[in-house]
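Written out below as structure tokens is the structure these notes cover.
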Amino acid sequence: MKKHLTIVIKLGSSSIVDEKTHEPLLSILTLIVETAVKLHRDGHRVVIVSSGAIAVGLRRMDLAKRPKLLPKVQALAAIGQCRLISLWDQLFAHLRQPVAQILLTRTDIADRTQYINAQNTFNELLSMGVIPIVNENDTLAVSEIKFGDNDTLSAITAGMVQADYLFLMTDVDCLYDKNPRTNPDAKAIEVVEDIAELAADVSSAGSALGTGGMSTKIVAARLATSAGVTTVITKSSKPGNIASIVRYAEAQKAAAAMSLSSSLASLHDNDLTTTSAALPSHTPPPPAIPVTEPSHLSQLTSSPSSVQTIPAAPLHTRFLPDPRPIRDRYFWLLHGLAPHGTLYIDAGAHRALCAKAGLLPVGVVDLEGGFAQQEAVRLVVVKRTSNGTVMSTGAAAAWEKTEAGEVGRAIVNYSSAEIRRIRGLRSTEIAGVLGYADSEYVALRENVAVLPVERSSRPTTPGLGEKRGGG
Ligand SMILES: N[C@@H](CCC(=O)OP(=O)(O)O)C(=O)O
């Protein structure tokens, strides 16, 4: 188990300023600072994703509400961001904690070299003991190149720094199966093992200041957990809960690991058929669990004792990380790039991609959108239709979309105009049709990221011009 955890804490605009007066919520900010410094002093690496630039700009210019015109919003973000970062810097300075400002746009990370540069800068700052404070570079980002909401930005940041935890701080303590304000019998959802099966009420529209709501938090949780990041939704007015939740979650992992090793030991000692049923599932243990603590937990609990009872955690929703995380280049292909179109591929091509081959023109059935060479596209699997539905007008056969939906993303070697002419052909035929053949592949293997089969029906990061859920 890791001694030093990397923890990303995301605060939305409504956690940073008062929704009506737009004055900073100093008590919350101070508690966040104390929590972050405590975690840092315990040996953990902390990144803060802070919204609030526009809201702070509104206060500075004495404006009552967010203007409609984009240049005005961008000007306010420029005014507010320097005040915001100065506020964070001043608060952290009281505890002698250096911070750094990182402002990102989607185009910054769409270039692989820039993505790696950003990653290197994060790592350097974290190893220097600095707390990076991240926001979207609103002044440059127009809608086409926006992350759009800081929930998504925080999940991409968490993937980039290979975080252990992402905390999405919000105005409720957790997800509920129904709206708790109108349904007194609403049940808290404490642990989510599989987001695809989540049945929660996500109708919360977010604040008047920000752009995120509960549904953008689910998108963010899906993205972050796919990169192996445990994602937590909890109340921003109680930042002290972060340490208790980390302690609790780590204790659960330790307890599960101990239970697994004792089960494995008994597998050696006993008949395999009688003990295999005792292997632990993801079912959470009861709230209070006596465990022998690993050293970093005793740091978190600040207790000298090696054996103690872990107190129950405050209410929160915890999304468990995918056991087979998508990281590095594949994470960047899936979430760093904005797709410019879609390639519809057949099941054979999908199988070949899953078996780590490149994408050949013969497997491409149809396409949508206009894109250039070396731009990113979505990959969607289609099958020959049985009911006569013609998805593709130009293709030789009729095709329809499958339930698998989007199965991955790729950077293509040919433009949409070129692929339109070579789809369905063998690679040896490319030169005859185009007059040249830059590659036998439509996309090289290293430029293709495919989702594991059982997860491919889940949407990935919303791309350019795609509608996000939630307000
Ligand atoms: N980047 C913008 C905030 C983006 C946004 O709306 O985020 P959130 O408040 O988390 O929904 C700002 O700093 O004002």
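When a ligand or atom number is given, it counts from 1 through the structure's own listing order.
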Practice problem: State whether the shortest distance between N or O atoms of N135 and N or O atoms of ligand 1 falls below 3.5 angstrom. | Solution: yes
Practice problem: Could you tell me which atoms of ligand 1, counted from 1 in the order shown, lie closer than 4.0 angstrom to a heavy atom of G12? | Solution: 9 (O), 10 (O)
Quiz item: Backbone N or O of S86 within a donor-acceptor pair of the R83 side chain at under 3.5 Å?
Solution: no
Exercise. With heavy atoms only and a cut-off of under 4.0 Å, state how N150 meets ligand 1: side chain, backbone, both or neither.
Key: both
Quiz item: Run the side-chain contact (heavy atoms from CB on, under 4.5 Å) check on N241 and H316 step by step: do they pass?
Solution: CA-CA 9 Å; N241 287 351; H316 66 282; over 6 Å; no
Self-check item: ligand 1 N/O within reach of S13 N/O, cut-off under 3.5 Å
Solution: yes
Quiz item: Which atom names give the shortest non-hydrogen contact between A220 and L168, and what distance separates them?
Solution: CB-CD1, 4.3 Å
Exercise. For ligand 1, indicate whether the residue Q81 contacts it via side chain, backbone, both or neither (heavy-atom separation under 4.0 Å).
Key: neither
Quiz item: Would you call I245 and F167 a side-chain contact if the rule is heavy atoms closer than 4.5 Å?
Solution: yes
Self-check item: Numbering as shown, the atoms of ligand 1 that approach D138 to under 4.0 Å (heavy-atom distance)
Solution: 1 (N), 2 (C), 12 (C), 13 (O)
Quiz prompt | Short side-chain donor-acceptor distance under 3.5 Å, Q162 and D328 | solution = yes
Exercise. Please indicate whether any nitrogen or oxygen in R66 is less than 3.5 Å from any nitrogen or oxygen in ligand 1.
Key: no
Quiz item: Closest approach of A55 and H22, non-hydrogen atoms and distance?
Solution: O-CB, 3.8 Å
Exercise. Under 4.0 Å from a heavy atom of K10: give me the atoms of ligand 1 that qualify, with their elements.
Key: 8 (P), 10 (O)
Quiz item: Looking only at heavy atoms, what is the nearest atom pair of G336 and R106, with distance?
Solution: O-NH1, 3.8 Å
Quiz item: Where do T105 and D108 land on the side chain to side chain donor-acceptor pair (under 3.5 Å) test, with the steps shown first?
Solution: CA-CA 5 Å; T105 60; D108 294 334; 3.0 Å; yes
Quiz prompt | ligand 1 contacted by A77 (non-hydrogen, < 4.0 Å) | solution = no
Quiz prompt | Per atom 8 (P) of ligand 1, closest listed option by heavy atom (A53, G52, S154, S51) | solution = S51
Quiz item: Given that the side chain starts at C-beta and the backbone is N, CA, C, O, which of these parts of I54 lies under 4.0 Å from ligand 1, counting heavy atoms, or is it both or neither?
Solution: both
